[in-house]
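Everything on this sheet refers to the single structure shown next.
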There are 2 protein chains.
Amino acid sequence: MTGRSPKSELYDHFSRVGKALASPARLEMLDLLSQGEKTVEQLAGQARLGIKNASAHLRTLREARLVEARKDPPYVLYRVADDAVLRVVRELQALARERLAEVEQITRTYFEAPSDLEPIDVHQLLERLEEGAVTVLDVRPRDEYTAGHIPGAVSMPIEELERRLAEIPPGRPVVAYCRGPFCVFASEAVDTLQKYGFAAQRMKSGVPEWRLAGRAVATGER
Amino acid sequence: MTGRSPKSELYDHFSRVGKALASPARLEMLDLLSQGEKTVEQLAGQARLGIKNASAHLRTLREARLVEARKDPPYVLYRVADDAVLRVVRELQALARERLAEVEQITRTYFEAPSDLEPIDVHQLLERLEEGAVTVLDVRPRDEYTAGHIPGAVSMPIEELERRLAEIPPGRPVVAYCRGPFCVFASEAVDTLQKYGFAAQRMKSGVPEWRLAGRAVATGER
DNA sequence: ATCCTATTCTAAAGAATGATAGAATGAGTG
DNA sequence: CACTCATTCTATCATTCTTTAGAATAGGAT
């Protein structure tokens with residue numbers, strides 16, 4: 001596996017990136033880190049891993065230069081090193097969805113609510129935002145909203161949605177988004193909203209796709 | 001590693017693709033297969049692997065649905081299953097080049113001739129083809145030219161170049177291309193051509209990038 | 001200084017992957 | 001119907017990856 005010719009050395013390096021993407025745990029952590037920087041503890045919790053295990057995977061990711069760390073005592077905050085990482089992960093997921101029938105089936109069964117007839121994409125959301133007649137809800141945990149959200153969106157973590165329905169202007173269409181195409185929060189939100197009579201729709205993608213589409217991302221509390 | 005929740009099942013499937021991309025041998029074979037379908041024997045020879053080993057890697061790639069096989073007795077011909085595979089491999093290589101300094105350095109040292117000041121890209125080649133005043137040389141092995149080449153290009157495998165120089169119109173700029181950004185044939189060709197007084201340039205990419213850019217690909221002998 | 005906390009480092013067992021040899025398959029061909 | 005050839009399947013061993021436990025580090029806080 002050690003490179004003798006320049007060519008095999010080159011492919012050895014390419015495979016460093018491939019190896020970093022060869023574990024479900026690391027792919028999930030990359031998805032989580034796409035939402036903004038996180039501590040080891042947050043990552044371990046959200047990906048349901050032990051802390052030591054999460055730390056080991058993070059080391060692998062860091063050695064492949066896909067993530068970077070920053071100290072903010074007493075924490076260490078990890079983040080995705082480059083938008084190119086997001087592009088690769090997104091292409092990999094798109095490929096898996098296209099080529100592996102199981103992925104498409106799981107997606108349909110678990111990540112798209114039955115009522116969820118027509119999720120909209122980044123461009124459609126943009127159009128409707130320009131028309132001005134839509135309420136956009138960010139149903140991710142609040143710290144992910146703070147780290148970066150679609151301008152104009154309201155932070156409404158999924159656990160708070162049901163008791164904060166009064167804050168949503170009635171008679172106005174609502175769009176909910178979460179982390180991306182494989183995040184359940186948005187479909188759950190759409191289900192709840194429709195149950196209470198709102199014209200609700202899910203956005204297929206999340207903030208990372210919004211960013212990659214070249215749109216500005218807002219940070220901070222509100 | 002077996003999926004319990006839908007989410008972990010999903011990431012297990014994503015990692016199937018990642019695992020397939022986690023070996024230098026498989027990444028090299030994907031690059032070779034991007035040039036057109038090949039037999040196990042051709043692949044093993046071009047990637048310097050044993051036949052059985054190559055076959056085992058091909059099985060892995062096939063199980064991840066990244067390549068497909070077709071029988072043409074007595075041979076089995078392999079091909080890349082989908083353009084999405086090319087996109088992922090390209091993004092992965094771009095990421096490695098951007099994030100891993102070693103890759104950039106190897107590329108500069110071995111894959112770009114010193115005289116090779118300004119390699120052109122797909123769009124620039126297209127412009128110059130439309131102007132009409134450029135000779136395009138395909139310096140890959142002849143069977144790869146046959147499997148698919150840039151319309152108007154002449155097949156001139158690198159081993160034949162030096163004794164076929166008389167066929168190249170003098171006083172006219174020449175562009176040489178091979179398999180892609182990490183293929184040495186084109187730089188070697190540019191060196192040789194410049195030595196004999198031609199105004200020669202290398203194209204950075206190859207037929208796969210041309211295809212992905214939505215351009216038509218010509219097949220057959222000439 | 002010493003304590004405290006988050007995190008990494010070290011080490012080791014278990015699981016998965018890689019390379020290769022030998023047997024088996026399977027589709028023409030004589 | 002056997003023969004031939006390319007290729008795959010099966011089995012093996014060495015290597016690498018994953019996970020987890022225990023020790024060590026680093027940086028504030030007391």
Side-chain angles (χ1 to χ4, degrees), chain A residues 1-4 8 11-30 32-33 37-64 66-79 143, chain B residues 1-4 8 11-30 32-33 37-64 66-79 143:
Chain A
M1 206 73 84
T2 324
R4 297 137 303 273
S8 54
Y11 282 102
D12 283 351
H13 286 299
F14 291 156
S15 75
R16 286 171 61 188
V17 177
K19 283 187 219 294
L21 302 176
S23 141
R26 287 194 291 271
L27 287 169
E28 184 168 1
M29 290 203 290
L30 284 176
L32 290 167
L33 287 175
E37 43 181 25
K38 289 180 192 289
T39 66
V40 177
E41 192 180 6
Q42 289 177 307
L43 279 168
Q46 293 174 350
R48 302 193 165 275
L49 297 171
I51 297 220
K52 292 170 180 179
N53 192 7
S55 178
H57 281 300
L58 282 168
R59 169 152 51 154
T60 308
L61 286 171
R62 214 169 15 161
E63 279 167 1
L66 303 192
V67 309
E68 289 172 345
R70 163 174 94 81
K71 293 197 178 179
D72 180 18
Y75 299 104
V76 176
L77 292 171
Y78 285 87
R79 64 173 176 281
D143 56 329
Chain B
M1 205 74 81
T2 324
R4 298 134 304 272
S8 54
Y11 282 102
D12 283 351
H13 286 299
F14 291 157
S15 75
R16 286 171 62 189
V17 177
K19 283 186 219 292
L21 302 177
S23 140
R26 288 194 289 272
L27 287 170
E28 184 169 2
M29 290 203 290
L30 285 176
L32 290 167
L33 288 174
E37 44 181 23
K38 292 180 191 288
T39 65
V40 178
E41 193 180 4
Q42 290 177 308
L43 278 168
Q46 293 174 351
R48 303 194 163 274
L49 297 170
I51 295 219
K52 291 169 180 180
N53 192 6
S55 177
H57 283 299
L58 282 167
R59 168 149 53 151
T60 308
L61 286 171
R62 215 169 16 161
E63 278 166 2
L66 303 191
V67 308
E68 289 175 343
R70 161 175 96 78
K71 293 197 179 179
D72 180 18
Y75 298 104
V76 176
L77 291 171
Y78 286 88
R79 63 172 177 282
D143 56 327

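Each chain gets a letter, A, B and so on, in the order its sequence line appears, and its residues count up from 1.
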Side-chain donor-acceptor contacts of residues 53-60 of chain A below 3.5 Å, not counting sequence neighbours, with atom names and distances?
| residue | atom | partner | partner atom | Å |
| --- | --- | --- | --- | --- |
| Asn53(A) | OD1 | His57(A) | NE2 | 3.3 |
| His57(A) | ND1 | Arg26(A) | NH1 | 3.1 |
| Thr60(A) | OG1 | Ala56(A) | O | 3.2 |

Check nucleotides 20-24 of chain D for protein N or O atoms closer than 3.5 Å to its own N or O atoms and list the pairs.
| residue | atom | partner | partner atom | Å |
| --- | --- | --- | --- | --- |
| dG22(D) | N7 | Lys52(A) | NZ | 2.7 |

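- Atom CD of Glu28(B) sits about 9.5 Å away from atom CZ of Arg48(B), to the nearest 0.5 Å.
- When the C1' atom of dT7(D) is taken as reference, atom OH of Tyr75(B) falls 12 Å away, rounded to whole Å.
- Looking only at side-chain heavy atoms (C-beta outward), Val17(A) and Leu21(B) stay at 4.5 Å or farther from each other.
- The CE-P distance, from Met29(B) to dG18(C), rounds to 10 Å in whole Å.
- Here Gln46(A) contributes atom CD and Leu33(A) contributes atom CG; the two are 9.0 Å apart, rounded to the nearest 0.5 Å.
- Take Glu63(B) and apply the salt bridge (Lys or Arg N to Asp or Glu O under 4.0 Å) test, not counting sequence neighbours, and it matches no residue.
- One atom, CD of Glu41(B), and another, P of dC5(D), lie 12 Å apart when rounded to the nearest Å.
- Across dT7(C), dT10(D), dT17(C), the shortest atom-to-atom separation from the side chain of Lys19(B) is found for dT17(C).
- Interatomic distance, Phe14(B) CZ to Leu27(A) CG, rounded to the nearest 0.5 Å: 8.0 Å.
- Residue Ala25(A) is the one, among Ala25(A) and Lys71(A), whose nearest nucleotide of DNA chain D lies closer to the 5' end (criterion: closest heavy atom).
- Each of dA6(C), dC9(C), dT18(D) was ranked by its minimum atom distance to the side chain of Arg59(A); first place goes to dC9(C).
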